[in-house]
Amino acid sequence: MSTVRNPLLPGCYPDPTICRVGDTFYLVTSTFEYLPGLPVLRSTDLVGWEQIGHVVDRTGQLDYAGIASSGGLYAPTLRHHDGVFYLVCTLVDQRDPARGGNFLMTATDPAGPWSDPVWLGVAGIDPSIFFDDDGRAWVHGTRLVAEPEWYHQTEVWLRELDLERLELVGPEHVLWTGAVRGAVWAEGPHLYKVDGTYYLLAAEGGTEIHHAISVARAEKVTGPYEGNRGNPVLTHRHLGRGVDVVGVGHADLTQAPDGSWWAVLLGMRPYGGYHYNLGRETFLVPVSWEDGWPVFAPGVGRVPPEVDVPFADAPVLGAAQGTASGVVEPGDLRWTAVRALPSDVAAPRGEGWELPLRAATLADVDVPAFVGLRQQHRAVDVRAVVAAGLAPGEEVGLAVRQSERDHVRLVVTTTDDGAGLRAVVVHVRGGAAAELGEVRLEGPSDAPVTLGVEVRDQDYRLVVATGAGTEPRTVAVADGRTLDTVAAGGFLGLWIGAYASSNGRPTSTVAHVERVEYLPRG
Ligand code: 6LW
């Protein structure tokens, strides 16, 4: 037996979907405007997880141009049928809803390559796919009700998928509007068949404090669906804001080879007040069946901090799976960029990156020169050694990113007289920039500078050091409570990464990010 310490995947890994093929589980989560998109993780025991690739990893596979932060790739669903992996998902452009939409991709190897998208031509979000044992396939998803009885009332629709043509066919069925009248966003639907009965799992209440998991069942896939009278079957909404995990919802089920059932779902861990800077994370919960209904976390009724996995034989507690530690080399699958692939904005160089400056800034809905990692720990030091022959107005450094409108950057830039360098911290909050601190740097203007973000809960201390063995100096301490989605809106946790910009000017400057270290503390 082994024990998983929740969360299974710390940091921004929301809307998890899971499927099993033989002895192997595969898991995919949402990535919004970050690329590569939709990480694929693999496990043989639900305890140890290894990332094997991404679903969206080619330039041109999807068009992210103009997609603002917290748009992009929403909740995916991963399934396997007859030797083929199927992934359905939505590309959301909040500023132009006519663009993007629901699509399907296929692969024979979940590590990739995945196909180009097949657009399904249906509105809404959170598509899912169900393969019945009679060989038929059904796509379902969530959309707003045309004539709602309450605010943000949604419905789960269902249509058959022609597996030869990969087209939706036949009549549409509306299956459910959720368990609770008045609850917003019955979403993230997934259909299963267990012992001859169809089960529809859905989240509802919105992906914040009121999130919940509900279930309905039917004798036919098209319904009618009868809600469980005990709905919601899992929520933390009644526990208030002062608990370890809030916002539990958006679950997907899997059955292990030994017959046991499990759910992966999202939740948030607030700290330093009601703020969850790590975003919506993936948790594991055991499931049993009673009277023909699933019971989540039987005997406990909430997401347990630790989960025993009887069939696993990993010798140690499976803590903090999939986290980076130490120097994160360019080949690491955890590197992501914004609206473009890391290889579109940077080139590997030794342990680090060559990062050509771009005119775009982090505040633009554009492709900035930014390569970053999820913040996966409450306490972490992220350090980078950077060097560049900067022209006036140009900058290179580290950024803590929530969105275009909310981020903090610690950058090296030239002094006003152009003769020297200074390190400056700029906080962009709700779209308005303010300088939090400045330190003048000695030495030649192209000498390597060590920059650091030292995160201790909600304190983001931004430090700089020049020359070997010199003590880092604090440039400013930013308040993390301004950066999470409670403060800034959206769906994301924080990213920390290397950033360079010419701030709108034409440039040929190339910054060297000699290495980036991600060092969890305590
Ligand atoms: C996703 C929806 C949700 O599409 O948040 O928690 C949205 N659930 O199901 C973005 O992740």
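One-based numbering, in listed order, for ligands and for the atoms of each. All values derive from a computational prediction rather than experimental measurement. Numbers for residues simply follow the sequence, beginning at 1.
Less than 4.0 angstrom separates some heavy atom of Phe32 from each of these atoms of ligand 1: 10 (C), 11 (O). Here is the list of ligand 1 atoms found below 4.0 Å of a heavy atom in His211: 6 (O).
At the top of the distance list for atom 9 (O) of ligand 1, counting protein heavy atoms only, stands Asp126 OD2, 2.3 Å. The single protein non-hydrogen atom nearest to atom 11 (O) of ligand 1 is Asp15 OD2, 2.5 Å, given as residue, atom name and distance.
Counted by atom type alone, Asp479 and Tyr460 present zero donor-acceptor pairs between their side chains at under 3.5 Å.
Using a 4.0 Å cut-off between heavy atoms, Leu266 contacts ligand 1 through its side chain alone, with no backbone atom that close.
When only interatomic distances are considered, the shortest N/O to N/O separation between Thr207 and ligand 1 falls below 3.5 Å. Taking only nitrogen or oxygen atoms, main chain and side chain alike, Tyr74 does not reach within less than 3.5 Å of ligand 1.
Heavy atoms of other residues, nucleotides or ligands lying less than 6.0 angstrom from CZ of Arg237 number more than 12. Annotation for Arg405: atom CZ does not count as buried by contact number, only 12 or fewer foreign heavy atoms lying within 6.0 Å.
A side-chain donor-acceptor contact under 3.5 Å links His236 to the backbone of Val303.
Tested against Tyr192 for a side chain to side chain donor-acceptor pair (under 3.5 Å), the candidates Thr197, Thr254, Asp252 yield a single pass: Asp252.
Within the set Glu204, Arg280, His250, the minimum heavy-atom distance to atom 5 (O) of ligand 1 is found for Arg280.
Figure legend: cation-pi geometry between Arg339 and Tyr64 absent, as NZ or CZ is not positioned both under 6.0 Å from the six-membered ring centre and within 45° of its axis.
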